[in-house]
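Take a look at the structure below.
Just so we're on the same page: letters track the sequence lines, and every chain starts at 1.
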Amino acid sequence: MGISGLLPALKAVQEKVHVSAYSGTRVAVDAYVWLHRGVLGCATDLALGRDTKRYVNYCMELVGMLRHHGVKPVLIFDGGHLPAKASTEQERYDKRQKSLKEGLALHKAGREREAAKKFQTAIDVTPVMARDLILELKKMNVEYVVAPYEADAQMAYLARAGQVSAVITEDSDLLVYQCPRVLYKMDRYGDGYQVLYDNIARVQQPMDLSHLSPKAFRYMCILSGCDYAASIYSMGLKRAYKYAIAHETPEAIVRAAERDGMVVPSGYLQTFHLANHTFLYQRVWDPKEGQLTSVESPIPLDISTQPYIGALMDAEQARGVVEGRVDPMTLQPFPTALVPTWPRVGLSVVATSREKKAIGALVKLESEDGSMDENKEGAKEKKKGGVGSSTPDRRGFGSYA
DNA sequence: AGCTGAGACTCAT
DNA sequence: CTAGTCTCAGCT
Ligand SMILES: [Mn+2]
């Protein structure tokens, strides 16, 4: 769900940018966004169980567009799920099932227009579709990473570490993760709206963000409601802003909100801290070093054992997840790494919650190295002694060589 | 008057 | 695994 109302509030610092501005660099792409759009183009076929790979074609056309402009796309897929986000999964699944039933009924009645509309909301991206795309990425030698947990955090990490120069997504959470450069609303020609994290302080309208520290900005976003912490009733972005500039600590904010008559649920403070830590320390994969790390390092000792930032796993386990050999949920190796045991293509239109948990676990991935530093300014000096080029086991972004 | 929350719509073709 | 945008009713 991201941060409701954040992107409209940042309108003043959204600059129209074409991807050719990123020419010569790697750019991380939220694979789910492309898959979802691609699926819309063949929703009826999928709902009726017809075999189609049009969503792959759609994604590959965008890959081609980026390459045409000299940009190296790195597609990022979701891996395991965090416990905090599990709650709404079932109700979303139920909603889609309902739409599917209604769509099929309309289809049988010959009311195709109405049926097609229902199918659009019934269709979801399944792990099989992600696998199909990954297989094609392999074929076309396109880099990708399967995040150990959330793609959001993984993409933000890569950008923060300079391993990609920008992130292409629709999700406002990237800015809470302090991603330095995000391109939103990119169309098929490569035009989009760029937001630089450092430009957020230039926003004057509809609220003045100039004296908001990164911490206060993050507090504002969490307070207004985020994936990991539902908001206090009647607390939207504007009110959250007021509390975030008026008070230093979450404790002081909650005290003030209660004094103002807001009903703060018991346990809210704890949830707030959980969300805060997740935005700061969620575990991600470092393709350059070939190890598990976190959005920000180091993780304070008392937080490092908390499950909500993603469970710790040893390097080989993590590599297995990232390369698709290991189930991100169970951490057990897939018996047949190359062949998905479920579901068969065309068997189901909507992913079950079980199926959804293994997008990253369907295909064996290989690794490829390459120059990692995507800051244009520093690209040349980096070419000489880049870690990637000197690493014998060819660690780096996953791709099929 | 300003803000929140909820529901419908968009995306793709 | 949507997330975002838009609109509007209801509340303070
Ligand atoms: Mn998100």
Requested in this report: Residues of residues 169-194 of chain A with any non-hydrogen atom less than 4.0 angstrom from an atom of DNA chain C: list those, numerically ordered, please.
Outcome: A/E170, A/D171, A/S172, A/K185
Report summary line: Sequence neighbours excluded, the answer for side chain to side chain contact (heavy atoms under 4.5 Å, CB included) partners of A/L269 is A/P250, A/E251, A/V254, A/H273
Return a table of donor-acceptor pairs under 3.5 angstrom between the side chains of residues 237-245 of chain A and protein atoms on other chains or two or more places apart.
from: A/R239; atom 1: NH1; to: A/S234; atom 2: O; distance (Å): 2.8
from: A/Y241; atom 1: OH; to: A/D208; atom 2: O; distance (Å): 2.6
from: A/Y243; atom 1: OH; to: A/D260; atom 2: OD2; distance (Å): 2.5

Report summary line: residues 144-154 of chain A vs salt bridge (charged side-chain N to carboxylate O under 4.0 Å, His left out), sequence neighbours excluded, gives A/K85-A/E150
Report task. Identify whether the distance between the nearest side-chain nitrogen and carboxylate oxygen of A/E61 and A/R188 falls below 4.0 Å. Result -> no
Query raised in the report: In residues 236-245 of chain A, which ones come under 4.0 Å of DNA chain B, going by heavy atoms?
Result: A/G236, A/L237, A/K238, A/R239
Report task. Could I get the full list of side chain to side chain contact (heavy atoms under 4.5 Å, CB included) partners for A/S297, not counting sequence neighbours? Result -> A/T293, A/S294
Query raised in the report: So, the side chain of A/H18 versus the backbone of A/S20: is there a donor-acceptor pair under 3.5 Å, distance only?
Result: yes
Please tabulate, one pair per line, all N/O donor-acceptor pairs under 3.5 Å involving side-chain atoms of residues 35-46 of chain A, not counting sequence neighbours.
from: A/R37; atom 1: NH1; to: A/M186; atom 2: O; distance (Å): 3.3
from: A/R37; atom 1: NH2; to: A/E170; atom 2: OE2; distance (Å): 2.7
from: A/D45; atom 1: OD1; to: A/R50; atom 2: NH1; distance (Å): 2.8

**Report entry** Pairing of A/K53 and A/D132 as salt bridge, 4.0 angstrom limit
**Finding:** yes
Query raised in the report: Can you list every ring pair (Phe, Tyr, Trp, His ring centres under 6.0 Å) pair that touches residues 149-199 of chain A, not counting sequence neighbours?
Result: A/Y177-A/F279
Query raised in the report: Across the strands shown, which category fits A/E150 at heavy-atom distances under 4.0 angstrom: base, sugar-phosphate, nothing?
Result: nothing
Requested in this report: Identify the 5'-most and 3'-most nucleotides of DNA chain B with at least one atom closer than 4.0 Å to a non-hydrogen atom of chain A.
Outcome: B/dC3 to B/dT13
Requested in this report: Treat a base pair as Watson-Crick or G-U wobble with both distances under 3.5 Å, then lay out DNA chain B in dot-bracket form, 5' to 3', with | for cross-strand pairs.
Outcome: ||||||||||...
**Report entry** Stepwise side-chain hydrogen bond (donor to acceptor under 3.5 Å, both in side chains) test for A/E136 and A/N57
**Finding:** CA-CA 9 Å; A/E136 190 61 22; A/N57 298 342; over 6 Å; no
Report summary line: Between A/D30 and A/L6, whichever has its closest DNA chain C nucleotide further toward 5' is A/D30
Report summary line: salt bridge (charged side-chain N to carboxylate O under 4.0 Å, His left out) pairs touching residues 99-111 of chain A, sequence neighbours excluded, are A/K98-A/E102, A/E102-A/K118, A/R111-A/E114
Query - Set of side chain to side chain contact (heavy atoms under 4.5 Å, CB included) partners for A/P300, sequence neighbours left out - result: A/Y281, A/D302, A/I303
Query raised in the report: Looking at A/E248 and A/K215, does any basic side-chain N land under 4.0 Å from a carboxylate oxygen?
Result: no
